[in-house]
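Take a look at the structure below.
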Amino acid sequence: LMKVFSLNCWGIRYLSKLCSQRYQMIGEMLCKEEHDIVLLQEVWSEKDYLYLKKKLSTSHSHSHYFKSGVIGSGLAIFSKHRIHDTFLYRYSLNGYPYMAHHGDWFGGKAVGMAVLNLGGLTANIYVTHLHAEYCREKDTYLAHRVVQAWELQQFIRHTSAGADVVILGGDLNMHPQDLGSRLLRSYTGLRDAYLETAKFDGCENGITLIADNPFISKKELVPFEKGIRIDYILFKVSERFTDVDCDFMSTTKGSVPDQPFPYSDHEALTAQLQLKASLAELVDIVTEARTEVKVGLHCAERMRYTAARTGAMGLALLFLELAIAAVPCFALGAEQPFPRTSFYLLAALCFAILLSTSLLYIFYTMELKSLQGAEDQMRLAVGGLQEKLRGFPLARPHDAPRGPPEGDKPNALDPEE
């Protein structure tokens, strides 16, 4: 059996409550439990990673910390098995820099991959953390999270072709039936350990963000009173091997025995360890994802247009101010006092408007290109799937004869054979 552990550690130094004490608890727990693979998210400080690395040096002698973005990706992996290769892919979209109170943009949200050898089998292990939702009713970041889910499934599909075992763990910030979750599971064939397990011990309905956790504000869970399930362990095996089942899965239940507080604001998952989604279902899901990305595309276009229009108004105002300032130079008669203070204040305002709108225009242009790229890829994917559904060949044979129909005479302009 192989035991896989996943936890969002909520490790923001100086901001997360009881951060150092909780890392001590996590380290002690991982030393006692015999997990083969440990997948951690929100380990934002490399010092905390180094502490865990030292703490787990005996139980998990192999580890890797994925570095990305301004403050890091927060992703780390610990393993009993040797890590032969690693790779990090950073998502092209990850929120907005001016939404500083959310902070997602400053963290390099990404997916980390590690290649392990498990008893002669090649295992691709993935750990990720997607953009948070914040508001269920008005989700500003839905298009970004759908693009992240799309890029995640692409990354897994293109890097796991030679793998015998594929495991993904992390905080997806998506409910099981959300579009991004369905897109990820259907396209990759990954199976949800909670849904597949023969035996489960943990929170009701497998929820991983529970109302009883003292680090959680119940307002954040509205309209879900008991909590939500947004953390996952997903897995599949190569078609060359017999299906692998999840024998047992568990989650922590908020409180920790003999401790006054839990490990994190999220619950930890442990799974002991394929399903090919139908093409018709894949077409529907990818089409729905493409529609959602188009909505985000139109929104980004409107925002870029607004930024450009505001910048043009600021530029016009600056030219008008310069024209007014030039009038006294050509005026005849008594000199009038020049209002320098007002001139400089207005010029500073015009410059601030031009600078901010230019930066916003550049940012929305980058967002548009990412959304357009994802939409183009989805369009090609839908076309390929539809051709498979219809049973049409994906390409015309190069040696197919293309002569005139029977009974027709060849045209004099046709090339001679």
Backbone N/O of [Y] and side chain of [X]: donor-acceptor pair under 3.5 Å:
X    : Y    : answer
R379 : R290 : no
T197 : M249 : yes
R229 : L209 : no
S356 : A352 : yes
S16  : W10  : yes
D245 : D247 : no

Centre-to-centre under 6.0 Å for [X] and [Y], is that the case here?
X    : Y    : answer
H60  : F78  : no
Y91  : H144 : no
Y194 : F200 : yes

Between [X] and [Y], a side-chain donor and acceptor under 3.5 Å:
X    : Y    : answer
T208 : D231 : yes
Y126 : T159 : yes
D171 : H129 : yes
E267 : T252 : yes
Y141 : D139 : no
Q148 : W150 : no
S6   : Q41  : yes

Could you check whether [X] pairs with [Y] (Lys NZ or Arg NE/NH1/NH2 to Asp/Glu carboxylate O, under 4.0 Å)?
X    : Y    : value
D178 : R136 : yes
E288 : R182 : yes
E225 : K218 : no
E34  : K3   : no
D48  : R13  : yes
D104 : K109 : yes

Determine whether [X] and [Y] make a side-chain contact, defined as any pair of heavy atoms from C-beta on separated by less than 4.5 Å.
X    : Y    : value
F155 : R157 : no
Y65  : S73  : no
I210 : I216 : no
I125 : I77  : yes
K67  : E46  : yes

Evaluate side-chain contact (heavy atoms from CB on, under 4.5 Å) for M174 paired with I230, printing each intermediate quantity in order. CA-CA 5 Å; M174 298 184 293; I230 58 176; 5.9 Å; no
Look up atom [atom1] in [X] and atom [atom2] in [Y], then write down how far apart they are to the nearest 0.5 Å.
X    : Y    : atom1 : atom2 : value
M113 : L75  : CE    : CG    : 13.5 Å
E28  : L56  : CD    : CG    : 11.0 Å
L168 : R191 : CG    : CZ    : 14.5 Å
Y361 : L354 : OH    : CG    : 14.0 Å
E375 : L380 : CD    : CG    : 9.0 Å
L152 : L130 : CG    : CG    : 6.5 Å

Can you classify the ring geometry of F224 versus H175 as parallel (below 30°), tilted (30 to 60°) or perpendicular (above 60°)? tilted
Do the ring planes of Y96 and Y364 sit parallel (below 30°), tilted (30 to 60°) or perpendicular (above 60°)? tilted
Taking all heavy atoms of [X] and all of [Y], pick out the closest pair and write down the distance.
X    : Y    : value
S160 : V166 : CB-CG2, 3.7 Å
L371 : V293 : O-CG1, 3.5 Å
Y89  : A110 : O-CB, 3.0 Å
R145 : A132 : NH1-O, 3.2 Å
D36  : L1   : OD2-O, 3.8 Å
G314 : I353 : CA-CG2, 4.1 Å

Per-pair distances, 0.1 Å, donor-acceptor, side chain in residues 254-265, under 3.5 Å, sequence neighbours excluded:
residue, atom, partner, partner atom, Å
S264, OG, N8, O, 2.5
S264, OG, H266, N, 3.3

Worked check of side-chain contact (heavy atoms from CB on, under 4.5 Å) between C19 and I12: CA-CA 7 Å; C19 194; I12 310 173; over 6 Å; no
Give the C-alpha distance, both sets of side-chain angles, the deciding distance and a yes or no for side-chain contact (heavy atoms from CB on, under 4.5 Å) between L52 and L40. CA-CA 11 Å; L52 289 175; L40 302 181; 3.7 Å; yes
